[in-house]
Every structure is written in structure tokens, then in C-alpha cells.
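Quick notes on the structure that follows.
Just so it is clear, the values below take in all heavy atoms, side chains as well, and ignore hydrogens, waters and symmetry mates. Lettering follows sequence order; numbering is per chain, from 1. Quick caveat: nothing in here was measured; it's all calculated off a predicted structure.
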2 protein chains.
Amino acid sequence: MKPTLQTVADAVGVSRSTVSNAYGRPDQLSPELRERILTAARELGYAGPNPTARSLRRGRAGAIGVLFTDVLSYAFRDPFAVRFLQGLSLAAERHQTGLLLIPVPDDPEAARAAVRNAAVDGFCVFCVAEGHPARQAIFERGLPVVGTELLAGDPEMLAAGIDEAAATRAAGMHLTALGHRRVAIVADMLHPAISPLGTVVREPSDVSYLGESERLRGYQQAWRKAGLDWDEVTIVNVRGNSREAGVEGAAQVLDRRDRPTALVAFSDVIALGTMDALRARGLRAGRDVSVIGFDDIPQAAEAGLTTVRQPATEKGRIAGELLLDPPATAEGRRVALPTELIVRASTGPAPDGRN
Amino acid sequence: MKPTLQTVADAVGVSRSTVSNAYGRPDQLSPELRERILTAARELGYAGPNPTARSLRRGRAGAIGVLFTDVLSYAFRDPFAVRFLQGLSLAAERHQTGLLLIPVPDDPEAARAAVRNAAVDGFCVFCVAEGHPARQAIFERGLPVVGTELLAGDPEMLAAGIDEAAATRAAGMHLTALGHRRVAIVADMLHPAISPLGTVVREPSDVSYLGESERLRGYQQAWRKAGLDWDEVTIVNVRGNSREAGVEGAAQVLDRRDRPTALVAFSDVIALGTMDALRARGLRAGRDVSVIGFDDIPQAAEAGLTTVRQPATEKGRIAGELLLDPPATAEGRRVALPTELIVRASTGPAPDGRN
DNA sequence: TTGAAAGCGTTACCAG
DNA sequence: CTGGTAACGCTTTCAA
């Protein structure tokens with residue numbers, strides 16, 4: 001039989017409470033008694049209080065739930081997501097808390113069950129589509145929920161986010177100011193969750209990820225303001241967030257006779273992929289075709305990629321803090337983080353005339 | 001007050017057991033009663049049995065522990081690690097289990113505490129150095145532990161691994177067969193955990209990650225056999241597992257007058273970085289300098305990188321299965337996965353004479 | 001098909 | 001500084 005608190009207590013000849021204190025409240029007993037208890041525990045092979053029992057008693061699971069979907073594992077390929085996760089873990093560490101990745105089955109009922117069974121103190125909604133069955137289940141738990149979208153509908157929801165639309169609006173205006181009028185968007189997750197890949201989505205409100213939706217809206221606003229026809233903007237929806245996806249997405253627009261003079265991507269890795277595609281065709285980013293990314297990952301600087309910078313680790317850290325220590329006031333519950341357009345060599349004046 | 005099983009039971013006028021059965025054993029009560037209970041629960045805002053209490057009672061935490069260290073978050077940048085994690089989550093999903101990422105503080109005592117407090121059914125030791133304080137704490141928990149190193153010392157340890165030395169031995173022999181005699185190794189995690197970066201490690205047994213150690217040994221064996229002087233092999237230890245690290249590592253050897261004719265890396269991302277470095281110098285991989293990677297990530301094929309293929313997702317999946325359902329026999333507890341040397345364009349005959 | 005009772009291993013409170 | 005007592009919320013026999 002596995003040793004328990006009681007086992008140790010009996011061995012030392014003290015009560016359970018005292019053994020418990022030896023672990024959780026060292027100041028409640030003499031150092032020497034504590035040492036005696038700890039030694040006895042070691043000898044008995046007792047590894048400390050059972051975390052589950054402790055959780056039950058304390059009313060604190062000691063973990064934050066993060067749904068692990070296909071989308072999220074794609075997202076992990078992006079340095080941005082990994083830094084966000086690191087930020088989250090920073091907050092978690094400070095609160096002696098873990099990050100529970102919850103594998104989400106495809107079957108809707110099983111997905112809901114997975115959420116209901118998760119022993120967590122709150123959820124971080126990261127990469128879960130608006131209509132996903134698990135999403136509703138999350139809210140039904142009645143636990144704190146944090147997201148990365150400031151505009152999320154649910155008033156209960158905590159958020160650490162940026163003004164996505166303002167960010168891409170600035171980027172879009174940067175391009176039109178440079179004279180670009182034939183533009184294309186290359187992005188992942190631009191389709192409604194259910195519909196097949198390739199579905200054309202043009203209206204921001206049709207996009208099932210709120211962040212992506214807002215980014216699309218930002219470009220729409222900027223370009224309409226500059227007099228461009230939104231229907232003429234090429235929108236390419238690629239599968240997955242990766243450099244390769246960027247290469248493929250760019251391929252769909254670069255080989256046309258009237259290829260765009262500017263490409264914008266919704267992540268730096270995709271943008272870097274489009275730059276690869278340019279290079280492969282002997283085109284130069286910033287001269288022949290301008291490129292803008294999103295996130296400002298370290299590689300963006302090296303590649304001279306113009307992009308929207310957002311504080312990745314900080315976003316995760318604040319999300320974690322909000323979750324683990326929710327502010328009382330409504331204003332405190334949504335934290336807006338700054339973004340900045342970082343102009344580098346990948347954007348330049350639109351080339352005149354035909355290519 | 002939050003509703004509990006009892007609340008629902010009282011509302012419907014049945015006993016706790018019946019409500020419990022409504023959730024966990026639908027066959028134990030009439031469908032109509034079950035429906036009545038579930039409806040009442042929904043109305044009361046009861047989201048289902050408390051996972052922590054259920055865990056305590058069942059004696060099953062419902063999670064696998066994975067230590068989240070700096071090293072691991074670096075590793076996430078590698079598609080290999082992400083696929084391993086996906087495999088792990090596949091097994092977890094099948095067992096209705098989560099993956100608990102445990103942020104590990106720098107302070108040794110705090111690190112041990114983090115391990116002791118984790119509510120898990122077992123640990124997956126991935127990217128935890130041999131001498132790390134948390135590592136010992138893991139074994140003290142007395143829970144199943146799985147690793148990716150077949151040769152791990154502890155006989156209790158489960159493992160899903162490959163014959164690392166055999167894998168790199170084959171790679172090393174491939175190079176010497178092509179006539180290479182001036183070779184270099186570029187790798188991450190080649191230093192003892194404690195010592196500062198830049199420490200020169202040459203003996204495999206000095207490397208604190210068993211897998212890395214064995215890979216080093218494989219090259220040592222292959223090259224010694226071919227008559228090379230191991231002391232003349234350049235070994236570059238880079239920080240982090242990334243393409244950039246590969247670029248920097250390669251830079252340390254490519255600009256020398258007697259630069260090596262072949263470079264081997266311990267991961268594909270680093271190898272791809274070294275190929276970037278070659279390109280930047282107008283050198284061609286496979287003609288001027290041969291390059292070998294490890295893992296065979298998708299990008300390797302595109303880049304024409306010769307590499308050692310290992311089944312990433314499968315490794316994770318099997319690790320998970322071993323942990324969640326440990327085999328009775330000692331032989332069953334260590335699963336060896338196959339590797340294969342995939343020869344592509346990045347390796348070719350050694351160029352003769354001086355560069 | 002249902003219910004009563006006995007824990008699962010811990011921690012918090014309060015009296016000594 | 002120490003120890004008794006009472007939960008924490010659930011599942012699982014076992015008997016009705």
C-alpha cells in the first residue's frame with residue numbers, strides 16, 4: 001500500500017495535522033520536529049501530500065486548461081504561439097500552477113466531455129473557433145475564461161489582446177501610402193470552421209476566429225478608405241500556419257499576369273514563406289513586391305520583414321495573471337496591449353506600370 | 001454556492017448515487033430518469049461532477065506530466081517536438097487524459113515542489129537533463145515514467161526510443177564512404193546542464209542528455225572506424241534548437257581556411273540553418289560541403305537534406321500508451337522504433353584538395 | 001432500478 | 001506548538 005499522511009504520522013507518533021503542516025506550513029512546528037517528519041517520510045517512501053486530495057480540499061485544481069486541437073498544434077509551429085505559451089507559463093509558475101493541454105476529440109459529445117472532465121481553475125481560449133462545441137462547454141463550467149480577443153462577446157470573458165483592426169489598418173495604410181493598389185492577403189484560418197478549405201471568405205464577419213476577422217476588417221477599412229475595391233483584393237486561404245503554407249499561398253497569386261504589388265500575411269511565418277516564393281521567382285521583396293507580416297518574431301528582423309509587432313510573451317503572461325487572479329472591476333478584466341508597425345526593407349514604393 | 005451532486009439529487013428527489021450514475025453509467029438507470037436529472041442539472045447550472053473529486057475517488061488524476069523547462073520551449077520550435085507532443089496527445093485522448101505542462105522554476109527546491117504538487121498519473125521525461133533536480137523528484141513520486149532513451153539507467157523507466165548511436169553511425173559511415181575526412185558537428189544541448197555555453201565537450205559520456213550523448217557516440221564510432229582522429233573533429237555547441245542557431249554554428253566553421261567538407265547536425269532545423277549559411281557564402285550543399293540532419297521533418301525533403309528519419313508522432317503515441325497502460329513484462333516496457341538514413345542531395349563526394 | 005454508507009487523502013479550524 | 005474533528009465532492013460496493 002502506498003504511504004499516506006497517516007502512515008507517516010503513525011510512524012513519527014504525531015497527528016496528521018502536524019505532518020500536513022510540516023509540508024504546507026513550516027512555521028507551524030519546530031524545525032527539528034519537521035526534520036524528523038520529513039526524514040521519516042523519505043524512509044517510508046512518502047513523496048509528499050497527494051496533489052489530488054490537496055486540490056479537492058483546497059478547492060483549487062492547480063492548473064489552467066488549454067484546449068489542444070489540431071489548430072493549436074499547427075499554431076505551435078509559430079514562434080509567436082510558443083512565446084505566448086511561455087508567457088502563460090510564467091504566470092502559472094508564479095501561482096504554482098500547471099498548464100493542462102486537453103486533447104479535444106473530433107466527436108462533439110466527446111469534446112464536451114473532455115472539457116467537463118478537466119481538473120482546472122480556468123481556461124485559456126487560444127485557437128478555438130467561435131462555433132466549436134468545446135467552446136460552449138467551457139463557459140458552462142462557470143470557471144474564469146481568458147481569451148486574446150478584446151471584442152469577445154461574452155462580458156464575463158477576460159482578455160489580453162490587441163486592437164487587431166487598428167494594427168492591420170496601419171499596415172494597410174502604409175501600403176497605400178506607398179502607392180500600392182493591387183494587393184493580396186494570404187492567411188490561415190480565414191474559413192468558417194465547418195466549411196471546406198478553399199471556401200472564399202471576403203466579409204470579415206464571416207470569419208470564425210475573431211482575431212482573424214478583425215485583422216481582415218482592418219485591411220478592408222484601410223483600403224476602402226484609399227479607394228480600392230475590396231472585391232478586387234485577392235484573398236488566399238492557406239492550410240496551416242507555416243512557412244510552406246506561405247510559399248504555396250504566394251504561388252497562387254505571383255504567377256498571374258497582373259500579380260499584386262503587395263502581399264500581406266496574418267503571421268510572420270506565412271509572410272516569410274511568401275518571401276521565399278518571391279525569391280524563387282527572382283523577385284525582390286520591397287521592390288518588385290512588398291510584403292507585410294504580423295507578430296514580429298525574431299526571424300522577421302533578420303529577413304527585413306515589415307510587420308506588426310505585438311508583445312507575445314507579455315500577452316501570455318497577462319492572460320495567465322488575469323485567469324489566476326481575476327480583477328474585480330470590469331475595466332480591469334480586459335487588458336489592451338500595444339502594437340506597432342515595424343517598417344523594414346520588405347515594403348517599398350509600388351513599382352509603376354505593368355510589373 | 002456552487003451546485004453539487006447533492007444539490008441536483010435533492011432537486012430531483014433521488015439519491016446522489018443515481019445522479020452520479022446519470023453521468024458516469026448511463027446504463028444504470030432509465031433513460032427518462034436520466035434525462036430528468038440532466039435537465040435539472042442544466043437548470044441549476046451544474047456542469048457535471050467535479051473533476052478533482054472524481055479523480056480523488058477514482059485514484060486517477062487524468063493527466064500526464066510533462067516538465068515545461070526553457071529547453072522544452074526551445075524544443076517546441078522544432079516540428080519534431082510538436083509531432084511528438086501530438087503523438088502523446090493521441091494516446092492521452094484515447095485514455096481521456098490531459099497533458100499537464102509543469103513550469104519548472106529555476107530554484108531547485110521550488111522545482112522539486114512543482115513536481116511533487118503535480119496531479120498526474122505519470123510523467124513523460126522529455127528534454128530534462130540527466131542531473132536536473134526535478135528529475136529525481138519525478139522518480140520519487142513513484143509513478144510510471146516514460147522517456148525517449150532506450151538506454152536509460154533506471155530499470156523502472158518506460159521508454160519509446162530509437163537506437164541513437166546506430167542511427168548516427170550509419171550517417172557517419174555514409175560520409176566517410178563518400179570520402180569525407182574533415183568533418184564538424186553542430187548541435188544543441190551538448191553541454192553539461194550546469195556548465196556555461198561554449199564549454200567544449202568531446203566525450204559522449206560527458207553530455208548530459210542521453211540521446212545527444214549517444215548520437216555523439218555514433219559519429220565517434222563511425223569516424224574512428226574510418227581512421228579519423230576524433231580530436232580533430234570540430235564540435236560546435238549552439239544555443240537553442242533553431243534555424244538561426246544552425247546559421248551561427250555553421251559560421252564558426254565555414255569561414256576557416258581548412259573548413260570541413262561535411263557538417264552534421266543533431267536536428268533538421270539546425271541542419272537547415274547550416275544550409276542557409278552555406279548558401280550565404282555561395283557554397284553548395286552536397287558539392288562543396290555535405291550536410292546531414294536528424295529527424296526528417298517535412299522541410300528536410302523540400303530542402304533535399306540527407307537525414308536520419310525517426311517516426312515522431314509514433315514515438316509520442318507509444319510513449320503515451322506505455323505510460324497510461326504499462327506492460328507487465330520488462331521487454332514490453334522498452335519499445336525500439338526504427339530509423340532510416342534518407343539520402344538526398346545535401347550529401348555528395350568529398351571535394352578533392354584544398355577547398 | 002434505486003439508495004445508504006463508507007471511504008478517497010487531505011487541510012482548516014479551533015481548542016488545548 | 002499540537003491534535004481532534006469536520007468537511008471537500010465524488011464513486012462504489014452492497015443490499016433493498
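Protein atom CZ of B:Arg34 is 13 Å distant from nucleotide atom P of C:dT2, rounded to whole Å. We find that CZ of A:Arg60 is positioned 17 Å from P of C:dT10, with the value rounded to whole Å.
Checking side-chain atoms of B:Arg77 against main-chain N and O of B:Asn241 turns up no donor-acceptor pair under 3.5 Å. With A:Arg135 contributing its side chain and A:Val128 its backbone, the two residues share a donor-acceptor pair below 3.5 Å.
Taking the screw axis at each terminus of the helix from C:dT1-D:dA16 to C:dG16-D:dC1 from five consecutive base pairs, the angle between the two is 30° to within rounding of 10 degrees.
Using cut-offs of 30° and 60° on the angle between ring planes, the pair B:Phe76 and A:Phe76 is parallel. Ring-plane geometry between B:Tyr23 and B:Tyr46 is classed as perpendicular, the angle between the planes exceeding 60 degrees on a 0 to 90 degree scale with a lower cut at 30.
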note = Heavy-atom contacts, protein to nucleotides 6-16 of chain D, under 4.0 Å, summarised as B (base), S (sugar-phosphate only) or - (none) per nt, yield BBBBBBB----
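By the neighbour-count criterion of 12 heavy atoms within 6.0 Å, atom CD of A:Gln96 is sparsely surrounded, having that number or fewer from other residues, nucleotides or ligands.
A:Glu109 has a carboxylate O that lies under 4.0 Å from a charged side-chain N of A:Arg116, or vice versa, which qualifies the two as a salt bridge.
Between A:Ser15 and D:dG4 there is no side-chain N or O to OP1 or OP2 distance below 4.0 Å.
Applying the side chain to side chain contact (heavy atoms under 4.5 Å, CB included) criterion to A:Glu321, with sequence neighbours excluded, gives A:Ala91, A:Arg94, A:His95, A:Arg317.
One side chain, B:Arg60 or B:Thr97, offers a donor N or O that lies under 3.5 Å from an acceptor on the other.
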